[in-house]
Amino acid sequence: MNQSTSNRQPPGADARRGFLAKLAAIACGGIATLTPLAAGLWAFLDPLGRRSAAARFVPVAELAAIPPDGVPRRFPVVTDRKDAWTGYAAEPVGAVWLRREPGSDVVQALSATCPHAGCSVEMAAGGTCFRCPCHNSEFTFGGSIVEPSPSPRSMDALDCRVGKDGAVAVQWQAFLAGIADKVAKR
Ligand code: FES
């Protein structure tokens, strides 16, 4: 058999190769298009993701741990969270300042996350107001800005409730930093 005879293709082989190449290109394009669509649809339908985004009441303290003396006490917020596709059980997600006016059972709750850029707001030296160590924003115990401060808004108040058993729970929510309006993170 000579060289030209061994390289000869059966009739229609080129057309079949072309057809298969087009089919493969269409399949790849379809996968590239549908994958993000499917991910978006899953995120939209995923009930765990929606639960993690919604504000919920998280127990943070006992009423007895917040003396009615007008002085705020700091408590960590520990709850489940979900990051992309992974759920984490009972992790610290932030902190709150809780306070009771003298003689009152009403608990006021402020997020300890600074509205300026997200640092943790602490008690100022001397214990008469809050102070953020990152850029020196200061706030009253009620959460109002003490001017001059770089924070664009007051500390973020959280809904709070006290159960019959004395358990104090806050409606934990994170808010966007650096803007004047209090807008919940999604
Ligand atoms: S992050 Fe608190 S003052 Fe800037």
Side-chain angles (χ1 to χ4, degrees), residues 40 43 46 48-163 166-186:
D46 176 23
L48 183 55
R50 271 181 281 144
R51 261 204 316 276
S52 68
R56 57 221 159 139
F57 279 90
V58 179
V60 290
E62 296 296 321
L63 188 61
I66 312 161
D69 56 7
V71 178
R73 266 75 174 184
R74 192 176 194 277
F75 297 90
V77 178
V78 178
T79 186
D80 300 344
R81 71 177 178 89
K82 183 166 183 280
D83 188 358
W85 303 102
T86 309
Y88 301 88
E91 281 204 339
V93 294
V96 290
W97 286 99
L98 303 181
R99 183 174 76 114
R100 280 202 281 164
E101 293 288 358
S104 172
D105 277 350
V106 176
V107 178
Q108 300 165 350
L110 296 170
S111 171
T113 304
C114 182
H116 180 229
C119 292
S120 184
V121 173
E122 306 294 342
M123 182 74 76
T128 55
C129 66
F130 293 120
R131 182 172 178 276
C132 179
C134 288
H135 312 99
N136 300 327
S137 283
E138 287 191 349
F139 307 91
T140 66
F141 284 163
S144 301
I145 297 175
V146 177
E147 299 291 0
S149 287
S151 180
R153 65 173 187 269
S154 302
M155 290 173 72
D156 296 314
L158 301 170
D159 284 345
C160 184
R161 66 187 180 198
V162 182
V168 179
V170 297
Q171 193 171 30
W172 176 249
Q173 182 96 56
F175 300 93
L176 296 177
I179 58 176
D181 292 331
K182 183 183 173 188
V183 178
K185 281 187 182 173
R186 297 180 62 88

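All ligand and atom numbering here is 1-based and tracks the order in the structure. For the numbers below, each heavy atom of this structure counts, side chains included, while hydrogens, waters and symmetry mates do not.
Of all the N, O or S atoms in His135, the one closest to atom 4 (Fe) of ligand 1 is ND1.
Residue His116 approaches ligand 1 through these ligand atoms, each under 4.0 Å from one of its heavy atoms: 1 (S), 2 (Fe), 3 (S), 4 (Fe). The atoms of ligand 1 that sit less than 4.0 Å from any heavy atom of Ser137 are 3 (S). Atom numbering of ligand 1 starts at 1 in the shown order; those under 4.0 Å from a heavy atom of Cys119 are 1 (S). Atoms of ligand 1 found under 4.0 Å from any heavy atom of Cys132 (numbered from 1 in listed order, with element): 1 (S), 2 (Fe), 3 (S).
Ion pairing of Arg153 with Asp181 is absent here, as no side-chain N (NZ or NE/NH1/NH2) approaches a carboxylate O to less than 4.0 Å.
In this structure, Trp97 and Phe130 have tilted ring planes: the angle between them lies in the 30° to 60° band.
Within the 2.8 Å limit, Cys134 places no N, O or S atom next to atom 2 (Fe) of ligand 1. In summary, an N, O or S atom of Cys114 is located under 2.8 Å from atom 2 (Fe) of ligand 1.
Under the 6.0 Å distance and 45° angle rule, Arg161 counts as a cation-pi partner of Phe57.
Closest non-hydrogen pair, Ser149 versus Glu138, comes out as OG-N, 2.9 Å.
By the SG-distance test at 2.5 Å, a disulfide connects Cys119 to Cys134.
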Legend entry - Audit row: Cys129, Thr140, side chain to side chain contact (heavy atoms under 4.5 Å, CB included) steps and yes/no: CA-CA 5 Å; Cys129 66; Thr140 66; 5.7 Å; no
